[in-house]
Protein chains: 2
Amino acid sequence: MTAVQTNTAGSPFGSVNAPRRSVLADEIYEILKSKLMDNVVEPGARLSIDGLSRDLKVSATPIREALARLESDGLVTKRAHHGYTAAPLIDARTFAELFRMRLLLEPACASWAAEIATPRQITAMEDLIAEMKTPLAGDGYESYKAFASQDAAFHGALAAATGVGLMVETLERLRPHAQLYRLYYTVGIADDTVREHERVLEAVTRRDQAGAAHAMSAHLSASRGRLAGALGQPETD
Amino acid sequence: MTAVQTNTAGSPFGSVNAPRRSVLADEIYEILKSKLMDNVVEPGARLSIDGLSRDLKVSATPIREALARLESDGLVTKRAHHGYTAAPLIDARTFAELFRMRLLLEPACASWAAEIATPRQITAMEDLIAEMKTPLAGDGYESYKAFASQDAAFHGALAAATGVGLMVETLERLRPHAQLYRLYYTVGIADDTVREHERVLEAVTRRDQAGAAHAMSAHLSASRGRLAGALGQPETD
DNA sequence: GCATCATAGATCCTATAGGAACTTGTAACC
DNA sequence: GGTTACAAGTTCCTATAGGATCTATGATGC
């Protein structure tokens, strides 16, 4: 945890001359959420309120609020009088549940998107796929993280193309990519993923709902198979 | 804490002699969550931190924490420097999305439960159905609330019977019954609901996965039709 | 050597105080 | 009558202080 005080104005969070559009607690929330999603804070790591207060040079109050929100988000766990801990790394059971839910939700998501996605949304998804084809710069860990981020962006854009806010929220809540991205490090980046995304988007583009659902189902099953090895378990089906 | 610790008669949180298993912020969270889920706090109502602090006779700190958690839960909304508001009543769009997601999730839920529900879990669901058949005591509003609570309990038990924690969480997060129960007041209590629950459970009991899914799908479609009138919109499909 | 107890330090939790921001009411002006 | 400016009151937000709880370490007794 490094100090955030980078501004000569004395405020940790930007110019004192600009009107505040958010409050400190919101900003702390975003900073901590980012660190948790990016695994800058390791899964299972202790999060000390006093420590964060010192590091971020703010009082405990906004820290507590931010952590309370993150608890409800499922990103941290809290034990009374003991403090907060970053949610643990995904285990085999959660992995299985996660893919089971994804295999229920995301083919339907693709099908719905095939029904009503706008040309603009489709173009945006094409751009995301093109971006995924660009060789990634940087060393191993960072490139896997970037890949996972692109992967997540494609799935997120597809959900948004359904126009069903509750689908977007439901998938966001599962946080598949934040939970799975570390597994990419073991199994490597898969060109297959990009091709599978392309097949999903082709079906969406030609308004083939069943095709989109099938392509997404195949993508998820393959993804599960690729990642399962990283968990030290063989694929079960 | 001195005021609460020495105040036996007026303590909002029970006996001062019992060891505290939770902290004040947790208890405030439960109290407020209960009031929001039960609509004791009206949808759209202002929630004043200072007001709650005075009413509950605690400082603003645990109030703020509890509200922060409830914001992430989706039960309240917050505007910086303006305060918190109870989440608004369900509108037609959210209603449509809610049933769309339920029709995706809950037939699968019933199917999964048909696969692995234990006899004990099935018996518990039978008990819940029997309870729903008991004529409800009390006046209109309270009986509709009780009915909605029983309805929710049956669906919750079914989700638990899948053994998939993420399914339980996902359905909990949608909070269908807390959002819909007010609509029961307009359309009345439906004996059909009980019969539909019975059909779902019969299929689960005989391990008929497709039958369970179909029965749940029929139940949700019928429920949607019954409740849609209360929204001032005709059923669209 | 092991178990128990006491102590110190760290951390968590809540109350309180003070400043910032917002809302409402009133007076002055056109 | 409508508009603008200002003041007062209310509420939100954060820092600080103090007490409660937990953890680790050392001392003592068996």
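Here the structure is a predicted model, which is why all the values come from computation and not from measurement. Letters A, B, ... are given to chains in the order of the sequence lines, protein chains preceding strands, and every chain is numbered from 1.
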When rounded to the nearest 0.5 angstrom, what distance separates CG in L171(A) from SG in C109(A)?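 L171(A) atom CG to C109(A) atom SG measures 5.5 Å (nearest 0.5 Å).
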Working to the nearest 0.5 Å, report the span between CD of Q150(B) and NE2 of H155(B).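 Answer for the CD-NE2 pair, Q150(B) versus H155(B), is 12.0 Å.
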Answer yes or no: are there more than 12 heavy-atom neighbours, outside R93(B) itself, under 6.0 Å from its atom CZ?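 No, because the 6.0 Å sphere around CZ of R93(B) holds 12 heavy atoms or fewer from other groups.
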Could you check whether R102(A) and S223(A), counting side-chain N and O atoms only, form a donor-acceptor pair closer than 3.5 Å?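 S223(A) vs R102(A): no donor-acceptor pair found between side chains.
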Separation of [X] atom [atom1] from [N] atom [atom2], in whole Å?
| X | N | atom1 | atom2 | value |
| --- | --- | --- | --- | --- |
| Y84(A) | dC12(C) | OH | P | 10 Å |
| L67(B) | dC12(D) | CG | P | 9 Å |
| Y29(A) | dC13(D) | OH | C1' | 19 Å |
| I49(A) | dT21(D) | CD1 | P | 16 Å |
| I28(B) | dC13(C) | CD1 | C1' | 13 Å |
| L24(A) | dA20(C) | CG | P | 14 Å |
| D26(A) | dC12(D) | CG | P | 15 Å |
| E71(A) | dC13(C) | CD | C1' | 14 Å |

Out of [options], which has the shortest distance to the side chain of [X]?
| X | options | answer |
| --- | --- | --- |
| D50(B) | dT11(D), dC13(D), dC13(C) | dT11(D) |
| H81(A) | dT14(C), dC13(D), dC13(C) | dC13(C) |
| A25(A) | dC12(D), dT14(D), dT14(C) | dT14(D) |

Below the 4.0 Å mark, does [N] have OP1 or OP2 next to a side-chain nitrogen or oxygen of [X]?
| X | N | result |
| --- | --- | --- |
| T61(A) | dT14(D) | no |
| R46(B) | dT23(C) | no |
| S48(B) | dC12(D) | yes |
| S59(B) | dA15(C) | yes |
| R64(B) | dC13(D) | yes |

Please report the end-to-end axis angle for the helix from dG1(C)-dC30(D) to dC30(C)-dG1(D), five pairs per end, rounded to 10 degrees.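 End axes: 0° apart.
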Check R100(B) with E115(A), please: is the shortest side-chain N to carboxylate O separation under 4.0 Å?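 Yes, charged N to carboxylate O under 4.0 Å.
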Using 4.0 Å as the upper bound for N to carboxylate O, is an ion pair formed by D26(B) and K78(A)?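 A salt bridge links K78(A) with D26(B).
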Step by step, work out the side-chain hydrogen bond (donor to acceptor under 3.5 Å, both in side chains) result for T134(A) and E131(A). CA-CA 5 Å; T134(A) 310; E131(A) 192 183 313; over 6 Å; no
Select from L47(B) and A60(A) the residue whose nearest nucleotide in DNA chain D is closer to the 5' end of that strand.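 Nearer the 5' end of the strand: L47(B).
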Assign each of H82(A) and R54(B) to its nearest nucleotide of DNA chain D by heavy atoms, then name whichever residue's nucleotide is nearer the 5' end.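 First, find each residue's nearest nucleotide; the 5'-ward one identifies R54(B).
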Could you point out which residue of R69(A), K35(A), R175(A) forms a side-chain contact (heavy atoms from CB on, under 4.5 Å) with L75(A)?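 Testing each of R69(A), K35(A), R175(A) against L75(A), the sole residue satisfying side-chain contact (heavy atoms from CB on, under 4.5 Å) is R175(A).
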